[in-house]
Visitor: 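Here's a structure for you.
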Amino acid sequence: MERLGAAFYNNDTLTVAQQLLGCELVHETPEGLTAGIIVETEGYVTGDPACHAYRRQTTRNAAMFGPAGTLYVYQIYNHYNCINVVTSPEGVGEAVLIRALEPTEGIDLMADRRNEAFKTGFERYRNNTVDPGTKKGFRNLCNGPGKLTIALGISRQRDNNSSLITGTIYIRGPVQTDFDMVTTTRIGLTQGVDLPYRYYINGNPFVSKK
DNA sequence: AAATTGATGGGCT
DNA sequence: GCCCATCAATTTC
């Protein structure tokens, strides 16, 4: 499958959020290629109080106002990074949060990165490990927004504001199309809690939360 | 099985 | 100073 181009991202944000399900997120690095099928997304739009661009443009959210196909990486809870696909024309701050992946390529590299993150993370997690050889460990590689950025080796400093159209992080067209989509409310918010902007592949075991 | 909580730092008001 | 688009252990039913 080929890398998606500007036309895919330059569309209604909630439409893109739904169309991303079944597509494959890829990161090419010197250590190897890691990739996974997008199984869960959330849309953040203009007028939505939970959207980071709700108030005004700042240094943190500047990438959200970039052209469609820009990557927005932000730090959350002092520790984790989350990634968004920027949609809508330049100057409009809307994006799609990628919340979970079904790993397809570079499984061992993903596990290495997750295990390295445990070693250098919170004291209480230093002895944690993830074993991709077990069903549970495999599921645990990318089933959350903070986990998948670790597994794919995505860095806020290096990758925020990069281009999905020309960069080393990109998205391939749909590799999975035969599924039912569930539409529901978003996770972890205190604002806009009732907006049904979360989408996931029904029955997929890699979705972060039912 | 579900709810609670500790870790912990940058960005905004 | 206050607010989090999380993760995983712990506590509680």
Side-chain angles (χ1 to χ4, degrees), chain A residues 13-14 16-18 20-21 25 36 38-65 70-88 93-101 103 110-111 113-132 134 136-161 182-200 205-210:
Chain A
T13 298
L14 300 181
V16 174
Q18 296 169 44
L20 279 170
L21 294 178
L25 179 66
I38 298 168
V39 299
E40 179 182 357
T41 62
E42 288 178 359
Y44 290 86
V45 302
T46 302
D48 165 11
C51 181
H52 284 183
Y54 180 57
R55 292 176 186 283
R56 75 195 94 256
Q57 183 168 339
T58 64
T59 48
R60 178 177 71 144
N61 66 22
M64 288 188 80
F65 292 86
T70 299
L71 189 71
Y72 169 48
V73 188
Y74 71 94
Q75 187 186 51
I76 185 153
Y77 297 111
N78 322 335
H79 192 74
Y80 299 98
N81 289 322
C82 294
I83 57 169
N84 288 252
V85 171
V86 176
T87 56
S88 62
E94 301 197 359
V96 177
L97 171 69
I98 298 183
R99 284 196 55 89
L101 301 177
M110 288 184 186
R113 286 172 174 149
R114 294 273 281 122
N115 286 324
E116 186 61 27
F118 280 130
K119 278 192 229 166
T120 56
F122 299 138
E123 185 67 39
R124 60 200 289 200
Y125 301 151
R126 292 239 167 109
N127 295 322
N128 280 25
T129 54
V130 54
D131 177 2
T134 67
K136 189 177 166 187
F138 186 53
R139 243 189 84 245
N140 197 25
L141 282 176
C142 292
N143 62 339
K147 299 180 196 180
L148 72 89
T149 51
I150 294 170
L152 292 209
I154 294 173
S155 136
R156 182 165 60 97
Q157 185 172 299
R158 188 186 57 241
D159 301 316
N160 183 41
N161 207 31
V182 178
T183 302
T184 182
T185 53
R186 298 169 296 184
I187 294 197
L189 302 177
T190 57
Q191 311 259 328
V193 292
D194 294 328
L195 296 172
Y197 296 165
R198 175 169 174 250
Y199 311 98
Y200 65 86
F206 299 89
V207 170
S208 68
K209 194 170 164 236
K210 280 268 172 181

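Chain letters run A, B, ... following the sequence lines, proteins first and then strands; every chain starts at 1.
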Visitor: Going 5' to 3' along DNA chain B, which nucleotides are the first and last within contact of chain A (any atom under 4.0 Å from a heavy atom)?
Guide: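 So the contact region on DNA chain B extends B/dG6 to B/dT13.
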Visitor: Only counting residues at least two apart or in another chain, list the ones meeting ring pair (Phe, Tyr, Trp, His ring centres under 6.0 Å) with A/Y74.
Guide: A/H52, A/Y72
Visitor: Please walk me through it: do A/F122 and A/Y125 pass ring-ring contact (aromatic ring centres under 6.0 Å, His included)?
Guide: CA-CA 5 Å; A/F122 299 138; A/Y125 301 151; 5.7 Å; yes
Visitor: Could you list the residues that satisfy side-chain hydrogen bond (donor to acceptor under 3.5 Å, both in side chains) with A/Y200, not counting sequence neighbours?
Guide: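 Listed in chain order: nothing, the list is empty.
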Visitor: Would you mind reporting whether A/S208 and A/R198 have side-chain heavy atoms less than 4.5 Å apart?
Guide: yes
Visitor: Reckon A/I76 touches a base, only the sugar-phosphate, or nothing at all at heavy-atom distances under 4.0 Å?
Guide: sugar-phosphate
Visitor: For A/L189 and for A/N140, locate the closest nucleotide of DNA chain C by heavy-atom distance; then report the residue assigned to the nucleotide nearer the 5' terminus.
Guide: A/L189
Visitor: Please list all pairs meeting side chain to side chain donor-acceptor pair (under 3.5 Å) that have one or both residues in residues 142-158 of chain A, counting only residues at least two apart or in different chains.
Guide: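 The answer is A/N140-A/K147, A/N143-A/K147.
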Visitor: My understanding is that only residues two or more places apart in sequence, or in another chain, count here; which of them pass salt bridge (Lys or Arg N to Asp or Glu O under 4.0 Å) with A/K119?
Guide: A/E116
Visitor: Give the first and the last nucleotide of DNA chain C, reading 5' to 3', that has any atom under 4.0 Å from a heavy atom of chain A.
Guide: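 So the contact region on DNA chain C extends C/dC4 to C/dA9.
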Visitor: A/R113: which residues meet the side-chain hydrogen bond (donor to acceptor under 3.5 Å, both in side chains) condition with it, sequence neighbours left out?
Guide: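 side-chain hydrogen bond (donor to acceptor under 3.5 Å, both in side chains) list for A/R113, sorted by chain: A/T29, A/E31, A/T34.
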Visitor: Which pair of non-hydrogen atoms, one from A/C51 and one from A/G93, has the smallest distance, and what is that distance?
Guide: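 Taking A/C51 first and A/G93 second, the nearest heavy atoms are SG-O, 3.5 Å.
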Visitor: Using a cut-off of 4.0 Å on non-hydrogen atoms, how would the nucleic acid contact of A/E42 be classed: base, sugar-phosphate, or nothing?
Guide: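 A/E42: no heavy atom of the nucleic acid under 4.0 Å.
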Visitor: What contact category does A/N84 fall into here, base, sugar-phosphate, or nothing, at under 4.0 angstrom with non-hydrogen atoms?
Guide: base
Visitor: With side chains defined as the heavy atoms from C-beta onward, is the minimum distance between A/L25 and A/I83 less than 4.5 Å?
Guide: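 Sidechains of A/I83 and A/L25: in contact.
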Visitor: Dot-bracket for DNA chain B, 5' to 3', counting Watson-Crick or G-U wobble pairs under 3.5 Å, with [ ] for crossing pairs and | for inter-strand pairs?
Guide: |||||||.||||.
Visitor: Heavy atoms only: give me the nearest A/L141-A/P132 pair and the separation to one decimal.
Guide: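 For A/L141 and A/P132, the tightest heavy-atom pair comes out as CD1-CB, 4.2 Å.
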Visitor: Below 4.0 angstrom, which residues in residues 48-60 of chain A have at least one non-hydrogen atom near DNA chain B?
Guide: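 Close to the strand are A/R55, A/R56, A/T58, A/T59, A/R60.
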Visitor: Judged by each residue's nearest nucleotide on DNA chain B, which is more toward the 5′ side, A/R156 or A/H79?
Guide: A/H79
Visitor: Tell me every residue that passes salt bridge (Lys or Arg N to Asp or Glu O under 4.0 Å) with A/R114, counting only those two or more places apart in sequence or in another chain.
Guide: none
Visitor: Relative to the 5' end of DNA chain C, which residue comes earlier, A/F118 or A/Q191, by the nucleotide with the nearest heavy atom?
Guide: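 Nearest nucleotide further toward 5': that of A/Q191.
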Visitor: Could you tell me which residues satisfy salt bridge (Lys or Arg N to Asp or Glu O under 4.0 Å) with A/E94, sequence neighbours excluded, listed by chain and number?
Guide: none
Visitor: Over all strands shown, is A/R126 touching base, sugar-phosphate only, or nothing at heavy-atom distances under 4.0 angstrom?
Guide: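 Nothing, no heavy atom under 4.0 Å.
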Visitor: Considering residues at least two apart in sequence or located in another chain, which fulfil the salt bridge (Lys or Arg N to Asp or Glu O under 4.0 Å) criterion with A/R126?
Guide: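 Partners of A/R126 under the salt bridge (Lys or Arg N to Asp or Glu O under 4.0 Å) test: A/E123.
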